[in-house]
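Take a look at the structure set out below.
All residue numbers in this chain count up from 1 along the given sequence.
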Amino acid sequence: QSGDEIQWMSDESSELLKTGKTRLKDGEIDDALDLFEEAYDFADETTESEILFYLAYTYSITGDMIGAYESLADIEVDFEAEYYPNLVIFKGQLLIETFAYDEAAEWLADNIENLADYPESMQTALLLEGISQMELGDTEKARSALSSSAAMDAESDAGMVAADLINKL
């Protein structure tokens with residue numbers, strides 16, 4: 001492929017991704033999914049992981065959990081990416097919803113400290129880690145994660161759920 005062809009494909013991928021995000025925001029899920037799938041066909045290393053994130057998210061909305069999981073598995077995690085906090089939460093939720101508690105706990109524990117600049121995401125990730133640990137039967141780790149979540153902002157939804165779960169341990 002020539003340099004011009006590669007540049008065109010990258011530009012095409014970025015434009016399809018941008019349009020797909022708009023359609024997703026507007027609730028046009030099927031159109032967004034089509035756009036993300038087409039964007040993936042033209043993806044290069046600069047857009048591939050972000051496209052896979054939006055593909056996974058859109059697949060999950062449509063109920064295709066296998067497609068969502070497969071897309072997430074191929075993402076090269078970039079802590080600096082704009083979508084990174086959402087990726088951490090989304091993948092943690094998906095793993096919990098599919099009863100992959102060990103994997104969820106490990107994923108969340110490995111990524112929580114990278115959310116320091118995103119306190120709401122960090123609080124939610126701690127809550128999800130606590131839920132994973134509860135499901136695994138490790139009340140000590142569950143209490144620790146849930147207590148950290150609740151301590152961040154006791155008045156937030158995540159903080160109140162964490163406090164409620166602590167009381168049930």
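Crowding of Tyr101 atom OH: a count of heavy atoms from other residues, nucleotides or ligands under 6.0 Å exceeding 12. Counting heavy atoms of neighbouring residues, nucleotides and ligands inside a 6.0 Å radius, atom CG of Asp110 exceeds 12 of them. Counted within 6.0 Å of NZ on Lys21, heavy atoms from surrounding residues, nucleotides or ligands total more than 12; the atom is thus considered enclosed.
Side-chain polar atoms of Thr46 and Asp44 form a donor-acceptor pair below 3.5 angstrom. Donor-acceptor pairing under 3.5 Å is recorded for the side chains of Gln123 and Ser156.
Residues Phe36 and Leu24 form a side-chain contact, since some pair of their non-hydrogen atoms from C-beta on lies under 4.5 Å apart. Within the 4.5 Å cutoff, side-chain heavy atoms of Met65 are placed close to those of Glu97.
With Met134 as the partner, the side-chain contact (heavy atoms from CB on, under 4.5 Å) test is satisfied by one option alone out of Leu169, Ile166, Thr139: Leu169. With Tyr84 as reference, Phe79 is the one residue of Phe79, Phe53, Tyr118 to meet the ring-ring contact (aromatic ring centres under 6.0 Å, His included) rule.
The CG atom of Leu136 sits 10.0 Å away from atom CD of Glu129, with the distance rounded to the nearest 0.5 Å.
In the hydrophobic clustering of ILVMFWY residues, with side-chain heavy atoms under 4.5 Å counting as a link, Leu108 and Leu72 come out together. Hydrophobic clustering (side-chain heavy atoms under 4.5 Å, transitive across Ile, Leu, Val, Met, Phe, Trp, Tyr) groups Ile29 together with Tyr59. Both Ile89 and Phe99 are part of a single hydrophobic cluster, where members link through side-chain heavy atoms under 4.5 Å apart.
With respect to the salt-bridge test (charged N to carboxylate O, under 4.0 angstrom), the residues Lys91 and Glu103 do not qualify.
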